[in-house]
Amino acid sequence: MAAELGGLAWPARVQIWDAALAAVRGYFRDQGLREVSTPVRVPAVAVEPFIDPIAAPPGLLATSPELAMKRLLVRGSGPIFQIAHVFRRAEIGERHSEEFHLVEWYRLGADLDPLLADVEALVARVFVATGSNGHVPKTWQRARFLEVVTATCGAALRGDEDPGQLLAALPPALADEVSRAADTSADAEPRARTLLAWTAFFTAWSDMFFEPWLKGHEGTHLVDFPAPLAALAITDPARPWLARRAECHVGGLEIANGYVELRDAEEQRRRFAAVNELRRVHGAPALPIDEDFLAELPGLPPCAGIALGLDRLITLAACRTRLADVSLALGGG
Amino acid sequence: MDVSELRKNAKVQLDGHPYVVVEFLFVKPGKGQGLYKCKLKNMITGAVLDRTWRSGEKFDPANVESRKMQYLFKDQNGFTFMDNESYEQVALADEIVGDDSAFLLDQISVDVLFYNDRPVGVTLPSHIVMTITECEPGVKGDTATNATKSATVETGHKIQVPLFIREGDKVKIDTRTGAYVERINT
């Protein structure tokens, strides 16, 4: 990665966004997906442990278009994509912004592979369209989550360990982090405690082991997540301790996260409840449950969906490291 | 305060010491917890340490304030400074001023750092001009070599200067390194 090139000049920013937006739309039209645009202000968002919405009374600003797009799928939209403005409170840094653009798309069929192929093609198309010189990732590897864990920190995990089992399997540096989290959640219900322990493990492991490991690889799809980190993904029917979730990384930067989508409304409700329990333990406000979404969820056709951070992709294409170097945010606002 | 308030230059209280955030990085792996990775500098000792906070945690802001003050005199109570605005005088102990005493000219304006309303440190201007009070005779024309000699400035402090410098010359000194910078032509 080139160091400290600084921000693009304004005409160059306009050009790169124009090229990238046209490339994304061109790719999905070629693929036969329809473009949609769902509301930015919504009554409820997907309940996530560490994603906080910004209030926009009487609703919230969308943290992702996921719930709305799934409801369109229920209503027969067929495969769809969207370039969505999304908002996440207090995410401010070189690679984070409270407002950013998610390219989110859904294909019918319970299979992640076509989506991962889309990510590879889309990354190449955006890099070429923006005139990025020779930085298109040429090789993509598929890496299984728990195999990378073993390779990087030595811990052998199956994916369904409870907090005590997880703690016992981890090297000291990671066990410290997980036991800190476990201490704070002693009174929480078991499912929330398991979620918290695995989330604490994932956060610390990513920071200490996974990100340094990623630096040596151009494009990586991290697949077969442990079941407690399924979020809105199904668990693998043949191996229920694993989830059909994938994360895509380019040059050490996470750019996309996808699921074979969960269609079981009761399981989805239990997961949202566990997340809200975890949020309570952390002193974060509980988030409203989107009952309209849960009511329609059983009608969702088998499908897989993925969301890609467009600001990050353009930053990579511009050979920069900070979103602010390519952003069209005008400042002063 | 909530860790989401952390920024570069934020003042943080840690283990009873004031720190300033000199490097700041927010990272958030996947759908994991946000990490606020900070490099912190102890505002009194200058010692640097790394500290990571997780989203949802709290930090204590440090009650620190920098005041412009003028150096007046030294006596058995230490070094006495006067606030440029309130004219309030405070005496700073020798160990707080430390090696900076070598550059404390009469009337010099400095920044005095207060932590919980107690003076804890002095920041000199980065460059000051001092007069040479004593040195070996100047060597005429020798401006090209790197050879130096010892010279005494008006505070009694000794510095290394080029051979052409004479008694009575004014010289610019970098207070952070203590090094001679240039001769000031008057």
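Just so it is clear: chains get the letters A, B, ... in the order the sequence lines come, proteins before strands, and each one is counted from 1.
- At a 4.5 Å heavy-atom cutoff, the contact between B/Glu57 and chain A is made by side-chain atoms alone.
- Figure legend: cation-pi geometry between B/Arg67 and B/Phe114, with NZ or CZ positioned under 6.0 Å from the six-membered ring centre and within 45° of its axis.
- Heavy-atom distances place both the backbone and the side chain of A/Ala90 under 4.5 Å from chain B.
- For chain B, the option among A/His249, A/His282, A/Glu247, A/His96 with the highest count of heavy-atom pairs below 4.5 Å is A/His96.
- The contact list for residues 207-215 of chain A toward chain B, using heavy atoms and a distance under 4.5 Å, reads A/Asp207 by residue number.
- Side-chain contact of B/Tyr115 with B/Glu65: a donor-acceptor pair under 3.5 Å is absent, judged by distance alone.
- Remark: side-chain polar atoms of A/Arg312 are paired, donor with acceptor, to backbone N or O of A/Glu254 under 3.5 angstrom.
- Between the side chains of B/Thr131 and B/Lys170, a donor-acceptor pair is found at a separation under 3.5 Å.
- With 3.5 Å as the limit, one finds a donor-acceptor pair spanning the side chains of A/Gln141 and A/Thr220.
- Using a 4.5 Å cut-off between heavy atoms, A/Arg245 contacts chain B through its side chain alone, with no backbone atom that close.
- Between B/Phe24 and B/Lys37 the shortest side-chain heavy-atom distance does not fall below 4.5 Å.
- In the model, B/Thr152 has no side-chain atom that pairs as donor or acceptor with a side-chain atom of B/Glu134 under 3.5 Å.
- Screening residues 74-99 of chain B for ring-ring contact (aromatic ring centres under 6.0 Å, His included), with sequence neighbours left out, gives B/Tyr71-B/Phe81.
- Only the side chain of A/Arg180 comes within contact range of chain B, judged by heavy atoms closer than 4.5 Å.
- Interface remark: of the candidates B/Val27, B/Val3, B/Leu35, B/Leu35 forms the most heavy-atom pairs closer than 4.5 Å to chain A.
- The closest side-chain heavy-atom distance from B/Thr80 to B/Met82 is not below 4.5 Å.
- Heavy atoms closer than 4.5 Å to chain B are found in both the backbone and the side chain of A/Ile92.
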